[in-house]
Amino acid sequence: MTKQANAHDLSRRGLIAAAGIGAVALPAIARAQAPATPAPVGPPTTITNPPRDFSRHGAPTTYFTDPDVLSVDPSFDAIAQPNSAIQRLWTGALWSEGPAWNAQGRYLLWSDIPNNRQLRWLEDDGRVSVFRSPSNNSNGNTFDFQGRQLSCEHLMRRVVRYELDGSITVLADAYDGKKLNSPNDVVPHPDGSYWFTDPPYGGQLYEGAPDVAGGPSNANGKLNPRLGQAAGIGLAKRELPTNCYRIDRSGKVDLVVTEEQVPDPNGLCFSPDYKKLYVVSTGKGPGDTGPGGKDEVYSFDVGTDNKVSNRKLFSDFMVDGVKCGPDGMRCDVNGNLWASSNAGRAVGYSGVTVWTPEGKLIGRIRLPEICGNVCFGGPKRNRLFMAASQSLYAVYVNTQGATPG
């Protein structure tokens with residue numbers, strides 16, 4: 001080899017070595033100069049860009065586990081169903097709430113509160129139709145152990161039961177001689193009783209009828225609560241604090257959870273053994289002069305005398321520094337709590353959060369809309385239905401709902 005060639009080779013090796021050193025050193029410099037900022041909130045409920053299309057016309061999204069079903073803890077893997085995609089079954093509501101599964105009819109019904117109607121999704125062909133209109137701005141729905149539908153009516157400020165012969169029974173419209181506020185959610189108990197929450201949200205112009213002039217939701221009297229209503233509607237005024245009640249089989253209404261214990265109670269459910277009651281405390285309602293809630297869930301022990309005790313904060317629903325405000329919820333057969341999530345403008349955190357009986361977050365389901373309520377359904381009761389803002393979603397899970405409806 002000539003001296004010239006040898007020098008050329010050495011020069012080339014030096015350049016390569018220098019380039020190698022630079023290639024190693026530059027990332028270290030870049031890392032040192034990177035600003036220490038918190039991780040941004042996740043993308044709009046999807047890991048793809050552009051965001052996924054949930055409609056029947058969208059591309060396949062699931063090859064094993066849906067990318068928007070997230071395991072926060074490995075224990076969630078046992079109850080998440082592989083190869084099951086989140087599906088948007090229908091859209092077109094103004095505010096979806098109160099999903100309930102009818103096992104005999106194999107249909108899902110839910111409330112579209114501002115449109116004053118109940119909708120029904122048929123499992124056999126996926127058809128959606130108006131089930132009941134007007135619905136008196138119904139909110140929460142469920143079915144009792146005899147298969148009868150229960151509904152909470154904002155407009156009429158009452159809880160009703162639709163009997164098997166088609167007639168309607170008013171279960172509760174007052175307590176201690178005073179008109180209820182606007183029953184929100186209701187759950188049946190095996191002893192034949194019904195438990196329900198009574199926050200003030202039906203006093204909104206959008207979801208019911210405001211109070212008469214001077215009432216908490218119409219303090220200045222500028223709203224006319226009779227507009228667009230049938231004769232005799234729009235004459236009520238809020239008289240009670242926000243409480244939880246129990247309707248005995250005899251029809252007697254008892255106070256079980258006070259406003260001081262859980263202000264602005266919203267969703268509620270029992271544990272599978274009915275020894276615990278979970279109650280959501282949401283934020284202040286229209287004209288609410290009470291303490292107002294904090295978007296938290298509280299648990300109570302339920303005694304054999306139907307009294308509750310041992311109030312505990314189950315969770316404050318802070319996830320990654322984001323408030324995932326709960327609304328409606330259901331328990332599965334293992335006692336895990338599946339709660340709807342309203343994260344406001346924190347995109348990527350609305351949908352469903354899943355918690356162990358001890359209050360540990362183990363999973364999340366991300367939806368492109370705020371979720372108002374959930375229920376388990378399907379013939380095997382292993383399908384989670386999610387009433388989310390304008391739409392109805394569903395996903396199969398590897399567990400079952402603990403209660404009917």
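- At least one donor-acceptor pair under 3.5 Å links the side chain of Ser341 to the backbone N or O of Tyr349.
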Verdict with reasoning, Arg157 to Asp173, per salt bridge (charged side-chain N to carboxylate O under 4.0 Å, His left out): CA-CA 6 Å; Arg157 307 188 181 208; Asp173 60 2; over 6 Å; no

Residue pair Lys237, Glu239: steps toward the salt bridge (charged side-chain N to carboxylate O under 4.0 Å, His left out) verdict: CA-CA 6 Å; Lys237 180 179 180 179; Glu239 303 174 297; over 6 Å; no

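- Ser391 places no side-chain N or O within donor-acceptor distance of the main-chain N or O of Thr91, the cut-off being under 3.5 Å.
- A 4.5 Å side-chain heavy-atom check between Thr142 and Pro188 finds at least one atom pair inside the cut-off.
- The shortest heavy-atom contact between Val374 and Trp338 is CG2-O, 3.5 Å.
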Residues Phe314, Tyr298; criterion ring pair (Phe, Tyr, Trp, His ring centres under 6.0 Å); working and verdict: CA-CA 5 Å; Phe314 176 77; Tyr298 293 87; 10.0 Å; no

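- Between the side chains of Gln87 and Arg383, at least one donor N or O sits under 3.5 Å from an acceptor N or O.
- Within the 4.5 Å cutoff, no side-chain heavy atoms of Pro183 are placed close to those of Asn139.
- Between the side chains of Tyr201 and Asn184, not a single donor N or O lies within less than 3.5 Å of an accepting N or O.
- The backbone N or O of Val160 lies less than 3.5 Å from no partner atom in the side chain of Arg158, so there is not a single donor-acceptor pair.
- A salt bridge is defined here as a Lys NZ or Arg NE, NH1 or NH2 lying under 4.0 Å from an Asp or Glu carboxylate O, and Asp124 with Arg106 fails to meet this definition.
- Distance alone, capped at 3.5 Å, places no donor-acceptor pair between the Asp73 side chain and the Phe76 backbone.
- Between the side chains of Gln118 and Ser138, at least one donor N or O sits under 3.5 Å from an acceptor N or O.
- The closest donor-acceptor contact from the side chain of Glu259 to the backbone of Thr242 lies under 3.5 Å.
- By the 4.5 Å heavy-atom criterion applied to side chains, Phe317 and Val280 are not counted as neighbours.
- Less than 6.0 angstrom separates the ring centroid of Trp195 from the ring centroid of Phe270.
- Judged by distance alone, with hydrogens and angles left aside, the side-chain atoms of Lys222 form no donor-acceptor pair with the main-chain N or O of Ala213 at under 3.5 Å.
- When each of Pro99, Ser111, Ser96 is checked for a side-chain contact (heavy atoms from CB on, under 4.5 Å) with Asn373, only Pro99 meets the rule.
- Residue Lys294 qualifies as open at atom NZ: its count of foreign heavy atoms under 6.0 Å is 12 or below.
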Stepwise side chain to side chain donor-acceptor pair (under 3.5 Å) test for Ser71 and Asp77: CA-CA 6 Å; Ser71 290; Asp77 295 339; 2.4 Å; yes

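- None of Leu109, Thr403, Asn141, Leu108 except one satisfies the side-chain contact (heavy atoms from CB on, under 4.5 Å) rule with Cys375; the exception is Leu108.
- None of Phe385, Tyr107, Phe376, Trp110 except one satisfies the ring pair (Phe, Tyr, Trp, His ring centres under 6.0 Å) rule with Trp101; the exception is Phe385.
- Using a distance-only test at 3.5 Å, with no hydrogens or angles considered, a donor-acceptor pair links the side chain of Asp198 to the main chain of Asn181.
- Using a 4.5 Å heavy-atom cutoff, the side chains of Asp185 and Phe196 are not in contact.
- At least one donor-acceptor pair closer than 3.5 Å links the side chain of Ser182 to the backbone N or O of Gly202.
- Of all non-hydrogen atoms in Ser135 and Arg132, the two that sit nearest each other are CB-O, 4.0 Å.
- Geometrically, Arg117 does not engage Phe131 in a cation-pi contact defined by less than 6.0 Å to the ring centre and at most 45° from the axis.
- The two residues Val308 and Val257 have their closest heavy-atom pair at CG2-CG2, 3.9 Å.
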Stepwise side chain to side chain donor-acceptor pair (under 3.5 Å) test for Asp264 and Ser281: CA-CA 5 Å; Asp264 285 355; Ser281 173; over 6 Å; no

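- Aromatic rings of Tyr194 and His189 (six-membered ring for Trp) have centroids beyond the 6.0 Å cut-off, not under it.
- You'll find the side chain of Val395 stays beyond 4.5 Å of the side chain of Tyr393, heavy atoms only.
- Salt bridge annotation for Arg246-Asp191: present, with a cationic side-chain nitrogen under 4.0 angstrom from a carboxylate oxygen.
- The ring-ring contact (aromatic ring centres under 6.0 Å, His included) check on Phe300 picks up nothing, with sequence neighbours excluded.
- Residues Ser151 and Gln149 bring a donor and an acceptor atom of their side chains to less than 3.5 Å of each other.
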